[in-house]
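Here is how names work: the chains are called A, B, and so on, in the same order as the sequence lines, proteins then strands, and each is numbered from 1.
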Amino acid sequence: MTLQANIPLIYQTLLKAYGSQGWWPISFADGGPLQDCDSRGYHPGDYDIPLDDTQKLEIAVGAILTQNTNWNNVVSAMASLASANLFSMQGLLHGKIEQIALAIKSAGYYNQKTQYIRNFVCFLQGFPFKKLEGESTETVRKMLLDIKGIGPETADCILLYALKRPSFVIDTYTRRILSRMGMISETASYHSIKKLFESFLEKDLVVFQEYHALLVHHGKHYYSRKPYGNGDQILRSQSFCGNSEEVTAS
DNA sequence: GCCCAGGAGCCCG
DNA sequence: CGGGCTCATGGG
C-alpha cells in the first residue's frame, strides 16, 4: 500500500466513520451563533461560511487563540471578548491591551496572544480581507507568516477556513496519526507533511476542510499525547500501515 | 498534584 | 536547520 493510495483512503474511511464535520466553528460573529449549527458551532454541509468579514475575523482570532490550547478555553475567551464589546476590528485595534488580555485569559498564553491578535488586526487594517482576496494563495500565505504570532498552522487555518483557499492544515493530531501509523517520521517537517497531502489529493476546498476537521476529531478520540485505550479502532481495521515508503524530514 | 490541549518565537550549537 | 525552552489556563 502506497502513500499515494493511503492519503485518499484514510479520508474516505474517516468520512464514512464520522460524516462531514462542518468546520470552522462559528459562535460569536455578528451577535451570536449561526441558525444552522450545532452546540459546538459546527455547520456540516454549509460551505458558504464565512458569510462576511465579521465571521472571517472570528475564524482568524480563534485560530490564534487555539494555539496549543483546548478549544473549550478558546470559546470562553471569545465569549468574554464579545461581552466586553471587544470582538471587532475597532475593539481589537483600539481596545486597551490589559482589557483584551484579561478577556482572553482563559485561552492561556494570554499576554503573547493579545499581542499576536493585535499584530494581526494591524495587518488587516492595511490589508483587509477584500484586498487579500485579490492576491494569490502563496502571496497571502507569505504575508501571514510575516506577522509575529502567525506560524504555518495558523496561516493555513486562516487561508483554508477564513479565505477559502485550498491550503492543507497540518496540526499536532495529523502529525501524530500519520507518525504512529508509520507513514511519516516523527521529525518530518511541516512542509513535507503538507506537500504529502496536497500532492495526493485533488485540490478541493471541501476535501481539505473536511479532511483536516476529521483528523482532529479522530485524533481527539484515539491519539492523545500518551497512547491510551485499545488504540485506533477505525484506521487500524484497514491495512494502511507498514509497507509504505516513509516521509522523512525536509 | 499531574497530564493534556486544534503552536510559535527565540536562542543556541 | 534542529532541539530545547518559554509562554498559561482550565478540565480530566
Side-chain angles (χ1 to χ4, degrees), chain A residues 14 18 20-28 38 40-44 49 58-81 97-98 100-120 123 141-162 167-180 184-194 197 208-229 247-250:
Chain A
L14 294 178
Y18 302 120
S20 54
Q21 300 297 298
W23 267 25
W24 188 278
I26 295 279
S27 296
F28 302 100
D38 65 18
R40 303 166 299 174
Y42 290 23
H43 42 87
I49 307 294
E58 177 179 334
I59 293 170
V61 170
I64 293 171
L65 288 174
T66 199
Q67 290 169 357
N68 200 35
T69 299
N70 188 300
W71 184 253
N72 289 325
N73 293 5
V74 175
V75 170
S76 77
M78 291 195 292
S80 116
L81 266 184
I97 289 287
E98 313 85 57
I100 297 173
L102 181 63
I104 67 168
K105 191 165 184 176
S106 67
Y109 311 125
Y110 54 90
N111 290 312
Q112 301 190 111
K113 285 176 179 176
T114 298
Q115 194 55 54
Y116 291 175
I117 290 169
R118 184 83 92 173
N119 293 345
F120 175 70
F123 163 78
R141 191 169 194 272
K142 283 188 184 122
M143 289 192 286
L144 292 173
L145 289 174
D146 278 339
I147 302 167
K148 183 173 165 186
I150 299 192
E153 183 185 339
T154 308
D156 285 330
C157 283
I158 294 171
L159 283 167
L160 184 62
Y161 296 104
S167 191
F168 206 92
V169 178
I170 305 302
D171 63 25
T172 177
Y173 288 121
T174 305
R175 184 181 291 276
R176 204 176 286 157
I177 291 169
L178 265 62
S179 154
R180 291 199 191 151
I184 61 171
S185 116
E186 286 184 10
T187 57
S189 70
Y190 185 97
H191 184 73
S192 71
I193 308 173
K194 179 178 173 67
F197 282 93
F208 281 23
Q209 289 185 344
E210 290 292 347
Y211 204 164
H212 169 233
L214 285 163
L215 284 166
V216 173
H217 182 73
H218 186 62
K220 281 180 177 172
H221 208 83
Y222 294 111
Y223 292 85
S224 78
R225 195 177 298 186
K226 282 187 154 186
Y228 57 83
V247 172
T248 52
S250 105

Inter-nucleotide C1' distance (B/dG6, C/dC5), Å rounded: 22 Å
Rounded to whole Å, the CE-P distance (A/Met78 to C/dT9) equals 19 Å
To the nearest 0.5 Å, atom CD1 of A/Ile150 lies from atom CD1 of A/Ile64 at 4.5 Å
Paired with A/Tyr211, the ring pair (Phe, Tyr, Trp, His ring centres under 6.0 Å) test is passed by just one of A/Trp23, A/Phe197, A/Tyr18, A/Tyr173, namely A/Phe197
Is the distance from the ring center of A/Tyr222 to that of A/His218 below 6.0 Å?
yes
Original post:
Does a donor on one side chain sit under 3.5 Å from an acceptor on the other, for A/Ser80 and A/Lys105?
Top reply: no
In whole angstroms, the gap separating C1' of C/dT9 from OH of A/Tyr110 amounts to 9 Å
- Message: We want to know whether A/Thr69 and A/Thr66 form a side-chain donor-acceptor pair, criterion being a heavy-atom distance below 3.5 angstrom.
- Response: no
Across every strand shown, the nucleotide meeting Watson-Crick or G-U wobble geometry with B/dC3 (both distances under 3.5 Å) is C/dG11
Per-nt protein contacts along nucleotides 4-13 of chain B (heavy atom under 4.0 Å; B base, S backbone sugar-phosphate only, - none) come out as SBBBSSS---
* Answer yes if the ring centres of A/Tyr116 and A/Tyr109 are under 6.0 angstrom apart, and no otherwise. => no
To the nearest angstrom, the CG-P distance between A/Leu65 and C/dA8 comes to 13 Å
